[in-house]
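For reference, the structure discussed in these notes is given below.
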Amino acid sequence: MKTGVVCAKAFSANGWRVDSSFHLSDSNVLYSLLDSCPYKQTTIEGIKKDCCFGNIFTRVFVKDAEHGVPYMTASDMVKADPLSGRFLSKKQVASLSNLILRKDWILISCSGTIGNVVYTNEQFDGVVATQDLIRLLPDETKTKGGLLYAYLASRYGYIMLTQSRFGGVVKHIKPFHVSQIPIPQFPAEFQERIDKQIKDAAALRVEANKLLEEAKRKVEEFVGGEPERRKSATVSSQRIFQSFGKRFEANYHISTGSELEDYIKDNFEYKLLGDVCKSISRPEIFKRNYVKNGVMFLGGADIMLATPDSGKYLSRKTPNIDALAVQEDWILIPSSGTIGDVVYTHSEHAQKLVSEDVIRACPNNILSSGYIYAFLSSKVGKALIQRYICGSVIQHVESPHLSRIPIPLMSEKEMTEIDSSIKKYKDNVGKAIRLERSAIKAVEDEIDSWVK
């Protein structure tokens with residue numbers, strides 16, 4: 001139960017509203033904190049170059065980057081890999097200059113899920129993004145962009161971003177609402193420190209992404225890329241009966257993954273994924289008992305986020321809780337929903353609980369975990385995973401299927417180099433998350449200190 005003391009002046013200042021839900025709301029508590037702020041205050045309107053979103057438009061998608069420009073949705077921007085793999089026609093993009101992103105901007109989700117905030121790095125530069133993102137361009141001569149991001153990404157920023165939402169089923173906010181948000185003029189030294197942490201984190205993410213992309217490129221070049229999928233072919237009854245699970249559907253026998261699997265087995269020395277892992281499994285279904293103070297629980301979508309966080313916590317008394325916890329250097333593969341995406345667990349995944357809908361592959365010492373991840377996250381690995389999709393409305397893959405994926409062996413030197421790059425990628429991502437969280441917490445602690 002929330003309790004508080006409200007003076008008579010607060011009633012008269014707010015149209016004589018006497019309902020406790022209004023006076024004890026998070027936004028009113030925050031504004032009382034801002035009244036105690038020891039610094040001058042302004043609004044985002046006074047410290048921005050621009051705050052806008054784009055126009056609604058019809059999307060014309062093309063096959064690849066040769067003919068198009070990367071396209072990003074509001075849900076893509078918070079992922080560890082924000083590039084969705086979809087491309088808008090270059091001809092169309094020529095008339096959509098107001099939707100193209102640049103680095104060092106602040107993006108705010110403004111429709112549906114409101115209040116997600118991202119600080120753009122080089123990976124976002126030149127990408128076309130949906131109109132459902134508010135673009136906030138800081139004026140660095142007035143307030144540091146990193147500080148402004150940390151302020152809006154804090155729990156106080158979230159309250160201010162969401163308090164003005166409007167709409168029925170789908171909620172919205174507009175650039176006007178963001179521009180009216182008050183912001184203290186924090187001391188220059190404090191701003192410099194927070195700004196440096198946020199920009200260092202952005203640089204680490206860029207370096208991490210380059211390392212990952214280079215590792216995947218080496219794997220794809222070694223295998224020979226992704227062959228064109230055949231639309232029809234003849235499959236013998238013998239092949240059907242000899243297949244794993246006696247699979248009969250065409251997508252299993254006639255697919256890019258099927259062709260790649262045959263090609264790898266015919267042309268390379270290889271090892272099956274099941275042979276290079278101590279285990280490939282997922283926990284049993286269990287009843288979820290959410291609590292306020294417990295162990296963080298991540299779903300299949302949460303593990304893909306740039307900062308893995310769900311805001312959900314499970315009781316420490318959850319049965320078989322050890323089977324749900326993940327460790328660093330594991331490979332996580334969602335078993336349903338978006339199939340084919342792969343996660344390499346870093347320090348910010350470790351010791352959290354992960355849904356039973358996520359398969360855990362725990363590499364042994366036969367092949368390095370970094371090399372296995374680089375292969376599975378490549379276009380080749382994704383096609384091999386998707387070959388084993390089964391189900392109609394909701395598609396799945398299961399652990400026994402994945403254990404049969406062949407992993408081609410490069411030279412020892414090449415596999416060691418790829419493993420080293422992936423380990424550095426993982427470490428950079430973990431460090432970037434810690435820097436961002438430290439900066440955001442410093443802003444929250446500063447505001448908390450104003451309580452009299």
Worked verdict on Met304 versus Thr338 for side chain to side chain contact (heavy atoms under 4.5 Å, CB included): CA-CA 11 Å; Met304 304 290 178; Thr338 304; over 6 Å; no
Is a side-chain donor-acceptor pair under 3.5 Å present for [Y] with [X]?
X	Y	answer
Arg387	Thr256	no
Asp76	Thr73	yes
Glu417	Ser420	no
Tyr344	Ser369	yes
Asn293	Tyr313	no

Is the backbone N or O of [Y] less than 3.5 Å from a side-chain atom of [X], with the two atoms forming a donor-acceptor pair by type?
X	Y	answer
Lys90	Glu66	yes
Thr318	Ile321	no
Thr120	Trp105	yes
Ser279	Ser281	no
Glu398	Ser335	no
Lys79	Ser75	no
Arg437	Leu435	no

With a cut-off of 3.5 Å and sequence neighbours excluded, list every side-chain donor-acceptor pair involving residues 211-219.
from, atom 1, to, atom 2, distance (Å)
Glu213, OE2, Lys216, NZ, 3.4
Glu214, OE1, Arg217, NE, 3.0
Glu214, OE1, Arg217, NH2, 3.3
Glu214, OE2, Arg217, NH2, 2.4
Arg217, NH1, Glu221, OE1, 2.8
Arg217, NH1, Glu221, OE2, 2.6

In Å, rounded to the nearest 0.5 Å, how long is the span from [atom1] of [X] to [atom2] of [Y]?
X	Y	atom1	atom2	answer
Leu83	Met72	CG	CE	5.5 Å
Phe375	Ser377	CZ	OG	10.0 Å
Lys271	Leu273	NZ	CG	12.5 Å
Glu446	Ile194	CD	CD1	9.0 Å
Lys49	Leu136	NZ	CG	11.5 Å
Asp81	Asp341	CG	CG	8.5 Å

Carboxylate-amine/guanidinium proximity below 4.0 Å for Asp302 and Lys312: no
Salt bridge flag under 4.0 Å for residues Lys431 and Asp427: no
Sequence neighbours left out, what passes ring-ring contact (aromatic ring centres under 6.0 Å, His included) with [X]? Give chain and number order.
X	result
Phe190	Phe186
Tyr71	Phe61
His67	none
Phe268	Phe222, Tyr263

Quick check: closest heavy atoms across [X] and [Y], and the distance to 0.1 Å?
X	Y	result
Pro363	Ile331	CG-CD1, 4.2 Å
Lys174	Ile134	C-CD1, 3.7 Å
Ile44	Ile183	N-CG2, 4.2 Å
Pro334	Ile303	CG-CD1, 4.5 Å
Ser179	Lys48	OG-CE, 3.4 Å
Phe53	Pro175	CE2-CD, 3.4 Å

Close side-chain approach of [X] and [Y], heavy atoms under 4.5 Å:
X	Y	value
Arg434	Ser347	yes
Ile433	His346	yes
Ile47	Asp139	no
Ile333	Val358	no
Ile385	Ile339	yes

Lys423 NZ: over 12 foreign heavy atoms closer than 6.0 Å: yes
Could you give the side-chain donor-acceptor pairs of residues 94-104 under 3.5 Å, partners two or more places apart or in another chain?
from, atom 1, to, atom 2, distance (Å)
Ser95, OG, Gln92, O, 2.9
Asn98, ND2, Asn55, OD1, 2.8
Asp104, OD1, Tyr119, OH, 3.1

Hey, can you pull the donor-acceptor pairs under 3.5 Å for the side chains in residues 197-206, sequence neighbours left out?
from, atom 1, to, atom 2, distance (Å)
Gln197, NE2, Ser438, OG, 3.2
Lys199, NZ, Glu140, OE2, 3.2
Lys199, NZ, Asp195, OD1, 3.3
Lys199, NZ, Asp195, OD2, 3.2
Asp200, OD2, Lys196, NZ, 2.7
Arg205, NE, Glu436, OE2, 3.3
Arg205, NH1, Ala306, O, 3.3
Arg205, NH2, Ala306, O, 3.4
Arg205, NH2, Thr307, OG1, 3.4
Arg205, NH2, Glu436, OE1, 3.4

For Gln191, all residues meeting side-chain hydrogen bond (donor to acceptor under 3.5 Å, both in side chains), sequence neighbours excluded: none
Show which side-chain atoms of residues 106-116 pair as donor or acceptor with protein atoms under 3.5 Å away, not counting sequence neighbours.
from, atom 1, to, atom 2, distance (Å)
Ser109, OG, Thr113, O, 2.8
Ser109, OG, Gly115, N, 3.3
Ser109, OG, Asn116, N, 3.0
Ser111, OG, His172, ND1, 3.2

side-chain hydrogen bond (donor to acceptor under 3.5 Å, both in side chains) pairs, two or more places apart, involving residues 355-365: Arg288-Glu356
Which residues share a salt bridge (Lys or Arg N to Asp or Glu O under 4.0 Å) with Lys265, sequence neighbours left out: Glu261
When the side chains of residues 147-158 are checked against the rest of the protein, which donor-acceptor pairs come out under 3.5 Å, sequence neighbours left out?
from, atom 1, to, atom 2, distance (Å)
Tyr151, OH, Pro182, O, 2.7
Ser154, OG, Tyr151, O, 2.6
Ser154, OG, Tyr156, N, 3.4
Ser154, OG, Gly157, N, 3.2
Arg155, NH1, Glu444, OE1, 3.2
Arg155, NH2, Asp448, OD1, 3.0
Arg155, NH2, Asp448, OD2, 2.8
Tyr156, OH, Asp448, OD1, 2.1

